[in-house]
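Working notes, beginning with the structure itself.
Start at 1 with the first residue, then count along the sequence. Quick note: numbers below take in every heavy atom, side chains included, and nothing from hydrogens, waters or symmetry partners. No experiment lies behind these values; they were computed from the predicted model shown.
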Amino acid sequence: GPPGMLSAADYGVWWSNSFTFTKDQFLNRLIANFTKHELPFTHLVMDLGWHQKQDGRLWASYTWNEELFGETSEVQDFVQSLHSTATDSPLGRAMALSLNLHPIGVEPAELRYQEFTAQMGLDPDANATKKLPCSDSNVTWLTALFDQVLDATPNSGVDSWWTDGTCDGGTYGSSWENQYAFSERIRAHRELRGYVMSRWGGVGSQRSPMGFSGDQTTAWPTLQFQVE
């Protein structure tokens, strides 16, 4: 069938960059400059830098980077400020937040590891040093991931997810993953007219997500090529 209808705000201006920013840099430099120059800005899409560093990688975690954004309460304040419509909010109006995800296993270093293992029916203490492998084709695993990690504070304020790959590193598994995130969690669970941004997921994968073009040069000819 046809893809779901987006909200009006989703047709606005999206911004993303793979560079690492702190919370203050997002608020006082990036967003403040959009406001200063009266530029439209509706969606903040955070790529690598929001994740805590895990196994030397900046993209391999479901937990916020405490060095860049502070403790959980500070992250929650940051997310809430992006949604604020108060005049003293970063833009003076609300904006949407999307976070990049590279589907991976859930490791003991994750903030919500014990809650995740408990919902999986495992003993958190017995598995305290064990990485639970990624299984995005398993509805029990996906449900626990959303219930205990992605829909838990402070991630409960995230408007959409950017699913950047699959457990097996292929493409076709993302169709199932995106359908679950889109239909079961964003639209049904949160009652939002949501969306998922994703890599190519095979034939029919346009049903749930919006595809992204990958890493590109910031230039007008590049934009023209993508539109055409």
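With rounding to the nearest 0.5 angstrom, the CZ atom of Phe41 is 5.0 Å from the CG atom of Leu30. In this structure, Asp147 CG and Phe116 CZ are separated by 10.0 Å, a value rounded to the nearest 0.5 Å. Rounded to the nearest 0.5 Å, atoms NZ (Lys23) and CG (Asp77) are 7.0 Å apart. Here CD of Gln76 is found 10.5 Å from CG of Asn155. Values are rounded to the nearest 0.5 Å. Separating the CG atom in Leu101 from the CG atom in Leu145 is a distance of 7.5 Å, to the nearest 0.5 Å. Of the inter-residue distances, the one linking Gln54 atom CD with Ile104 atom CD1 reads 5.5 Å to the nearest 0.5 angstrom.
When atom types are taken as modelled, the side chain of Glu115 and the backbone of Gln148 share no donor-acceptor pair closer than 3.5 angstrom. The closest donor-acceptor contact from the side chain of Asp159 to the backbone of Ala96 lies at 3.5 Å or more, if one exists at all. Side-chain atoms of Ser16 come within 3.5 Å of backbone atoms of Val45 as a donor-acceptor pair (strictly under, hydrogens ignored). Listed for the Ser81 side chain is a donor-acceptor partner under 3.5 Å among the backbone atoms of Phe78. Looking only at distances, no side-chain donor or acceptor of Tyr62 sits under 3.5 Å from a matching main-chain atom of Gly105. No donor-acceptor distance shorter than 3.5 angstrom exists from the side chain of Glu67 to the backbone of Gln52, with no hydrogens or angles considered. Judged purely by atom type and a 3.5 angstrom limit, His51 has no side-chain atom pairing as donor or acceptor with the backbone of Thr63. Under the 3.5 Å distance criterion, the side-chain polar atoms of Thr35 are matched with a main-chain donor or acceptor of Ile31. A donor-acceptor contact shorter than 3.5 Å links the side chain of Asn33 to the backbone of Arg29.
Remark: Glu107 pairs with Lys131 by the salt bridge (Lys or Arg N to Asp or Glu O under 4.0 Å) rule, at least two apart or across chains.
Linking Ile, Leu, Val, Met, Phe, Trp and Tyr whenever their side-chain heavy atoms come within less than 4.5 Å leaves Trp220 and Val13 in two separate clusters. Residues Leu99 and Leu111 are members of separate hydrophobic clusters, defined by side-chain heavy-atom contacts under 4.5 angstrom among Ile, Leu, Val, Met, Phe, Trp and Tyr.
Side chains of Asp123 and Thr117 form no contact here, defined as non-hydrogen atoms less than 4.5 Å apart. Thr72 has its side chain out of reach of Trp64: every pair of non-hydrogen atoms, C-beta onward, lies at least 4.5 Å apart.
The two residues Trp161 and Leu150 have their closest heavy-atom pair at CZ2-O, 3.4 Å. Heavy-atom minimum distance, Trp162 versus Ser98: N-OG, 4.1 Å. Scanning both residues, Asp151 and Ser156, for their nearest heavy atoms gives O-CB, 3.4 Å. Here the closest non-hydrogen pair linking Gln119 and Ala144 is NE2-CA, 3.5 Å. When all heavy atoms of Ser18 and Asp47 are compared, the pair lying nearest together is CB-OD2, 3.6 Å. Closest of all the heavy-atom pairs between Thr143 and Val139 is OG1-O, 2.7 Å.
Taking a 6.0 Å sphere around NZ of Lys53, one finds it holds 12 or fewer heavy atoms contributed by other residues, nucleotides or ligands.
The ring of His102 has its center closer than 6.0 angstrom to the ring center of Trp59. A centroid separation of 6.0 Å or more is found between the aromatic rings of Phe19 and Trp50.
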- [ ] Check step by step if side chain to side chain contact (heavy atoms under 4.5 Å, CB included) holds for Glu66 and Glu71.
- [x] CA-CA 6 Å; Glu66 191 171 299; Glu71 298 179 354; 4.2 Å; yes
TODO: For the pair Val149 and Glu110, evaluate side chain to side chain contact (heavy atoms under 4.5 Å, CB included) and give the outcome as yes or no after the intermediate values.
DONE: CA-CA 9 Å; Val149 181; Glu110 299 290 356; 5.7 Å; no
- [ ] Decide yes or no on side chain to side chain contact (heavy atoms under 4.5 Å, CB included) for Phe69 and Thr22, but give the supporting numbers first.
- [x] CA-CA 6 Å; Phe69 294 92; Thr22 66; over 6 Å; no
TODO: May I have the step-by-step check of side chain to side chain contact (heavy atoms under 4.5 Å, CB included) for Val79 and Leu97, ending in yes or no?
DONE: CA-CA 8 Å; Val79 173; Leu97 174 64; 4.0 Å; yes
